[in-house]
Amino acid sequence: MNRMYVRKAAGDVLRVACAVVLALWILAGLSACGPGGIAEIEVRINNISQFDFIEVSVADQSFGDIAAGGSSDFVIVTTRFGYAVVKLTADGRKVTGQTLNMGAKRFTYEIDVVDLLAGQLAIDVVPEEDPA
C-alpha cells in the first residue's frame with residue numbers, strides 16, 4: 001500500500017473523529033441549557049488578586065465590590081449557551097473576561113489579574129455541588 005495513501009486516510013479519519021467529538025461536546029453543552037440556550041446558574045466570585053474589584057458583574061448581574069482576597073455570596077446569573085462575560089474595575093481600569101460554564105448549576109469563579117495594563121484576567125471556573 002502506498003504510504004501517501006495511508007497518511008491521507010489516517011488524516012481523514014482523524015478529521016472525522018475530531019468533528020464528531022466537537023459535535024457531541026456542543027450537543028452536551030446545549031442540552032444543559034434551556035430553550036434558546038438560556039440557563040440560570042449560581043455564581044460566587046473569589047478575588048484572588050492583589051487588587052480590590054469595583055462594580056463586578058457577570059452576565060450583567062451585579063456582584064458589587066469585592067476586596068482583594070475576598071469573596072461574594074452566590075448570585076443567580078442567566079447565561080446563554082454556557083457563556084458569561086465578567087466585567088470589573090481594578091485599580092481604576094475596566095477589565096473584561098469570559099467564562100464557559102458546563103456540567104453544573106453552581107460555580108465559583110476564582111479571578112486573578114494577569115496583566116492590568118492589557119486588561120487580562122485569569123478566571124478559574126470551579127464547579128460546586130448543589131446545596132442539599
Side-chain angles (χ1 to χ4, degrees):
M1 186 179 268
N2 184 338
R3 278 192 152 159
M4 189 59 104
Y5 177 75
V6 171
R7 284 186 185 154
K8 182 180 179 328
D12 290 344
V13 169
L14 184 58
R15 275 191 290 281
V16 169
C18 288
V20 168
V21 169
L22 179 61
L24 290 173
W25 183 76
I26 290 170
L27 286 174
L30 292 178
S31 68
C33 299
I38 298 172
E40 285 190 344
I41 60 172
E42 289 183 85
V43 174
R44 171 178 56 196
I45 306 287
N46 284 347
N47 178 353
I48 61 172
S49 79
Q50 63 182 351
F51 302 101
D52 292 338
F53 292 164
I54 310 299
E55 299 175 3
V56 179
S57 69
V58 175
D60 294 324
Q61 178 64 47
S62 176
F63 283 74
D65 300 341
I66 305 169
S71 296
S72 73
D73 292 329
F74 279 97
V75 175
I76 295 175
V77 172
T78 302
T79 63
R80 268 195 165 307
F81 301 108
Y83 289 97
V85 174
V86 177
K87 298 178 184 177
L88 58 91
T89 300
D91 200 31
R93 297 185 184 271
K94 294 191 184 281
V95 184
T96 303
Q98 187 170 321
T99 66
L100 179 60
N101 313 284
M102 303 294 274
K105 297 252 183 216
R106 189 173 168 104
F107 299 91
T108 296
Y109 295 172
E110 295 181 347
I111 302 177
D112 196 3
V113 176
V114 175
D115 184 341
L116 188 59
L117 294 177
Q120 293 179 342
L121 296 175
I123 305 173
D124 190 15
V125 178
V126 180
E128 302 283 347
E129 291 197 24
D130 292 329

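- Looking only at side-chain heavy atoms (C-beta outward), V85 and V58 stay at 4.5 Å or farther from each other.
- Side-chain contact between V126 and F107: absent, with no pair of heavy atoms (C-beta onward) separated by less than 4.5 Å.
- Counting only distance, with no hydrogens or angles, the side chain of N47 and the backbone of S49 share a donor-acceptor pair below 3.5 Å.
- Between E128 and R106, none of the side-chain N atoms (NZ, or NE/NH1/NH2) sits under 4.0 Å from a carboxylate O, so this pair counts as no salt bridge.
- Remark: E129 CD is loosely packed, at most 12 non-hydrogen atoms of other residues, nucleotides or ligands lying under 6.0 Å away.
- The closest side-chain heavy-atom distance from V113 to L121 is below 4.5 Å.
- Interatomic distance, R44 CZ to E110 CD, rounded to the nearest 0.5 Å: 9.0 Å.
- You'll find the side chain of Q98 reaches within 4.5 Å of the side chain of Y83, heavy atoms only.
- Rounded to the nearest 0.5 angstrom, L117 CG and R93 CZ are separated by 4.5 Å.
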**Asked** Would I38 and T79 satisfy side-chain contact (heavy atoms from CB on, under 4.5 Å), going step by step from the backbone distance to the final call?
**Response** CA-CA 6 Å; I38 298 172; T79 63; over 6 Å; no
Exercise answer: donor-acceptor pairs, residues 65-77 side-chain atoms, under 3.5 Å, sequence neighbours excluded:
| residue | atom | partner | partner atom | Å |
| --- | --- | --- | --- | --- |
| D65 | OD1 | E55 | N | 2.8 |
| S71 | OG | N46 | OD1 | 2.5 |
| S72 | OG | I45 | N | 2.9 |

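- A heavy-atom distance below 4.5 Å is found between the side chains of N101 and Y109.
- The hydrophobic cluster containing V43 does not contain I48, counting ILVMFWY residues as joined when their side-chain heavy atoms lie under 4.5 angstrom apart, directly or transitively.
- L88 and I123 fall within a single hydrophobic cluster, where Ile, Leu, Val, Met, Phe, Trp and Tyr side chains are chained together by heavy-atom contacts under 4.5 Å.
- The structure places NZ of K94 at 10.5 Å from CD1 of I54, a figure rounded to the nearest 0.5 Å.
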